[in-house]
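Some notes on the structure that comes next.
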Amino acid sequence: MAQDSCADHGAEAFFRDLRGAFERTQTDALMLLAWDSFDGNVAIQSEGQPSVACHKGCPSCCTLRVTALAPEVFMVAAYLRATAAALQAHGIDLVARLRALDAATRGLDEMERVALRQRCAFIVQGVCLIHRVRPLACRGHAALNKRACVEAAAGRADAVPFSGPHRMVRVLVQSALQAALRHRGLEWGAYELNHALVLALDDEDAHTQWRNGGDPLASAAVDREFRDAMAAGFDAVAR
Ligand code: SF4
């Protein structure tokens with residue numbers, strides 16, 4: 001799979017190359033390209049940098065509001081449908097957990113969501129059960145100090161040192177994907193993950209509507225006030 005490096009070309013050239021690759025990629029494969037590019041470039045950018053403290057079984061930051069783009073939402077929704085029966089055989093109903101969390105958090109802004117300190121619906125026994133398909137927002141959130149992260153999640157500290165490479169690569173990959181979706185006439189904004197997933201799961205036609213240029217997840221949209229500025233930024237890089 002094509003993988004350009006933001007270390008080799010500089011951020012703007014990386015953005016342009018990756019956006020072009022997204023524009024040529026079938027919608028169902030977009031996230032595979034995005035995750036592949038994210039993982040490869042984080043590995044390159046992290047060489048010689050402090051190692052991250054995140055590890056399997058540490059869900060301390062998974063109380064934050066998570067945002068995701070439409071192809072991420074539909075990927076997670078498909079994963080939930082595909083794994084539901086196997087998980088239910090073990091007494092785990094991720095969709096029921098998701099609906100309960102959505103009912104408790106819908107409409108909360110980022111700060112209100114943090115203050116609630118309620119864990120993500122997909123954390124079971126400390127493990128993210130959608131880890132393979134988790135959104136770019138989760139992938140790009142990597143702490144360098146576990147104690148600081150745990151303290152912040154408990155409301156006892158404000159400052160957590162985060163991995164710069166993870167953040168930078170997440171922003172570049174997500175922005176390139178958004179610019180490509182916009183270029184293709186597809187809805188490219190971000191959504192609050194829980195609400196958007198409930199919408200995607202409840203309407204089996206939602207994915208097709210999005211592929212045809214609709215916005216079936218609109219009621220879960222966030223940050224639309226920055227839309228014009230973001231679009232202008234994408235166009236500026238294009239020039
Ligand atoms: S999707 Fe996974 S990584 Fe992201 S907040 Fe939920 S449990 Fe944490």
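If you read the sequence from its start, that first residue is 1, and numbering goes on from there. Note that ligands are numbered from 1 as they come in the structure, with each ligand's atoms numbered from 1 the same way. What you see below is based on every heavy atom in this structure, not just the backbone, and it leaves out hydrogens, waters and symmetry mates.
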Does Gln26 CD have over 12 foreign heavy atoms under 6.0 Å away? no
Task: Backbone of Thr208 reached by a side-chain donor or acceptor of Asn212 within 3.5 Å - done: yes
query: Just wondering, are more than 12 heavy atoms of other shown residues or ligands nearer than 6.0 Å to CG in Asp205?
result: yes
Ion pair Arg182/Asp235, N-O distance below 4.0 Å: yes
Ignoring waters, protein N/O/S atoms under 2.8 Å from atom 6 (Fe) of ligand 1 are Cys120 SG
Next on the checklist: Between Asp215 and Gln209, do the side chains contain a donor N or O and an acceptor N or O under 3.5 Å apart?
Outcome noted: no
Side-chain (Arg139) to main-chain (Arg134) donor-acceptor, under 3.5 angstrom
yes
